[in-house]
K.L.:
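Sending over a structure as structure tokens; questions will come in a sec.
No experiment lies behind these values; they were computed from the predicted model shown. Note on naming: letters A, B, ... go to the chains in the order of the sequence lines (proteins, then strands), and numbering restarts at 1 for each one.
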2 protein chains.
Amino acid sequence: MRQKAPRIGGPSASERANVKKKNRDLKEECIREGLKIIAKDGIGKLSLREVARRLGVSHQAPYKHFASRDHILAVIVARSFDAFARHLDRHPKTDDPDADMGKMGQAYLEYARRHALEYGLMFNTPLPDGRKHPEMMANAKHAFALLCDALRRKALQRGGALDDEAVMLDALFIWSGLHGLASIAASSTVDTLGIAPPILARSPMHLLRRFSQAMDTPE
Amino acid sequence: MRQKAPRIGGPSASERANVKKKNRDLKEECIREGLKIIAKDGIGKLSLREVARRLGVSHQAPYKHFASRDHILAVIVARSFDAFARHLDRHPKTDDPDADMGKMGQAYLEYARRHALEYGLMFNTPLPDGRKHPEMMANAKHAFALLCDALRRKALQRGGALDDEAVMLDALFIWSGLHGLASIAASSTVDTLGIAPPILARSPMHLLRRFSQAMDTPE
DNA sequence: GCCGAAATGTTGACACTGACAACCTGACAG
DNA sequence: CTGTCAGGTTGTCAGTGTCAACATTTCGGC
């Protein structure tokens, strides 16, 4: 076909042809580039055409790996939930459910602080429909499930009947606090609320201490 | 100019001309219609062209009232923050800071439950740049400020020095829990976590009780 | 009452997007 | 060697946001 002159913007067709099919994983490159776009300009700027341009392929090439824009977004979010779940699972269960929850709480807030973008994507973003993308939500419940498990183990250690409703209510209480503080750390809410960095730095330990105080009060 | 035949879709130019300029507030109509679109199809589907079609005006008419799509979104979010602030201000301050915080907590969670869409817009949505739209964030801090105020009054009643850092840390603790639970109520997270409606219904009182327990433990 | 300015509509145009269709090329299995 | 498949390509269409220029209505000053 006619050799096109290189255009302003992305590489020309001839330049793209020089990128070998072999030795490349375009699907993974699209995911990485997509996350870069989101990180820099926000989710609204995620565009498969822009991803294609940056990777030196045609505008349709990403659509051979992702059915739609929502599909690549679902993969990015699923990867975030998976990484989050693995991060929380680093601490093995011990015989001390309180210590387990303390460690899990720290891990939760640490993940949100270190991976603010991914945390924001999981929880503070309108996501593609979970029913159309069930794999995206496969690990979404993991943190909450770990909390429920630890609270059950704690209740059983205390003896008495296992009150599942009480477990759920306390899991909600703890998860809400963790999620609320994590959301602050993962977004510009910290600036909105005018919280000084030393305060934010101390808030995880303060939150966990208040959790202990609340949970140690008999009902 | 030539009379156009009515087109499939929105009203034709001739039909639109029949809508008098008098007796209409197109700006407010755009805001209401925009919120309807967001409520039904999500923020990604907010489109000024669609707003214009539904209101029977040309695609450019909304742009005479809003500089851009982000500007109408900023107004919608600002209105939500304002309404939220007014809702929280309904309860007057008393001599009992604990009771004040309890009432405010209930009002907070009630707003999120009754106005899930607006709550989600304020906190779980990528917003236009707050620096470009400072009026959007004018009331964003109100809830947190009320908490700080009540905690200061409580500390002063107890006597002793006013530790502003302790006040901020506890305000963060309480706000995080309120925001976390409100976010659950205002989004599909409740389905994600698999929380039964009776549990969710009881969770506000449970959260507030746990707050009291945590706060009544001397440090 | 007239006139100019402002407000707020209109039509038209452009660059960009998402996604569909059809075609092309290289790899691979039989 | 041939057919199929994977994964590229070019082209197209419908829609969007936003800019420009023009038109109409309203309003204030004289």
K.L.:
Between protein and nucleotides 15-17 of chain C, what N or O pairs are separated by less than 3.5 Å?
P.N.:
from, atom 1, to, atom 2, distance (Å)
C/dT17, OP1, A/R53, NH2, 2.7
C/dT17, OP2, A/R53, NH1, 3.3

K.L.:
Listing request: all salt bridge (charged side-chain N to carboxylate O under 4.0 Å, His left out) pairs with a residue in residues 144-153 of chain A, at least two apart in sequence or in separate chains.
P.N.:
A/K93-A/D149, A/D100-A/R153, A/D149-A/R153, A/R152-A/D164
K.L.:
Is the B/F81 to B/Y119 ring centre distance short of 6.0 Å?
P.N.:
no
K.L.:
Show every salt bridge (charged side-chain N to carboxylate O under 4.0 Å, His left out) that has at least one partner inside residues 34-49 of chain B, sequence neighbours left out.
P.N.:
B/E33-B/K36
K.L.:
Between D/dT9, D/dT18, C/dT10, which nucleotide has the shortest distance from any of its atoms to the side chain of B/S68?
P.N.:
D/dT18
K.L.:
Round to a whole Å and report the spacing from CG of A/L73 to P of C/dA19.
P.N.:
11 Å
K.L.:
Please report, rounded to the nearest Å, how far the P atom of C/dG9 is from the CG atom of B/L55.
P.N.:
10 Å
K.L.:
Taking only residues at least two apart or on different chains, which pairs with a member in residues 39-73 of chain A satisfy ring pair (Phe, Tyr, Trp, His ring centres under 6.0 Å)?
P.N.:
A/H71-A/H133
K.L.:
Starting at OH of A/Y63 and ending at P of D/dT10, how long is that distance when rounded to a whole Å?
P.N.:
16 Å
K.L.:
Starting at atom CZ of A/R24, determine the distance to atom P of C/dG26, rounded to an integer number of angstrom.
P.N.:
16 Å
K.L.:
Can you tell me whether the side chain of B/H59 and the base of D/dG15 have a donor-acceptor pair closer than 3.5 Å?
P.N.:
no
K.L.:
Rounded off to whole Å, could you give me the CZ-to-P distance for the B/R54 and D/dT16 pair?
P.N.:
11 Å
K.L.:
To the nearest angstrom, how far is B/K27 atom NZ from C/dG9 atom P?
P.N.:
12 Å
K.L.:
Considering only D/dT18, D/dT9, C/dA19, which nucleotide approaches the side chain of B/Q60 most closely?
P.N.:
D/dT18
K.L.:
Is the centre of the B/H115 ring less than 6.0 Å from the centre of the B/Y111 ring?
P.N.:
yes
K.L.:
Between A/E29 (CD) and D/dG8 (C1'), how many Å, whole number?
P.N.:
14 Å
K.L.:
Listing request: all salt bridge (charged side-chain N to carboxylate O under 4.0 Å, His left out) pairs with a residue in residues 71-84 of chain B, at least two apart in sequence or in separate chains.
P.N.:
B/E28-B/R79
K.L.:
Report the distance from atom NZ of B/K64 to atom P of C/dA7, rounded to the nearest whole Å.
P.N.:
11 Å
K.L.:
With A/D70, which residues qualify under side chain to side chain donor-acceptor pair (under 3.5 Å), at least two apart?
P.N.:
none
K.L.:
When you measure only distances, ignoring hydrogens and angles, does the side chain of A/H65 come within 3.5 Å of the base of D/dG8 through a donor and an acceptor?
P.N.:
no
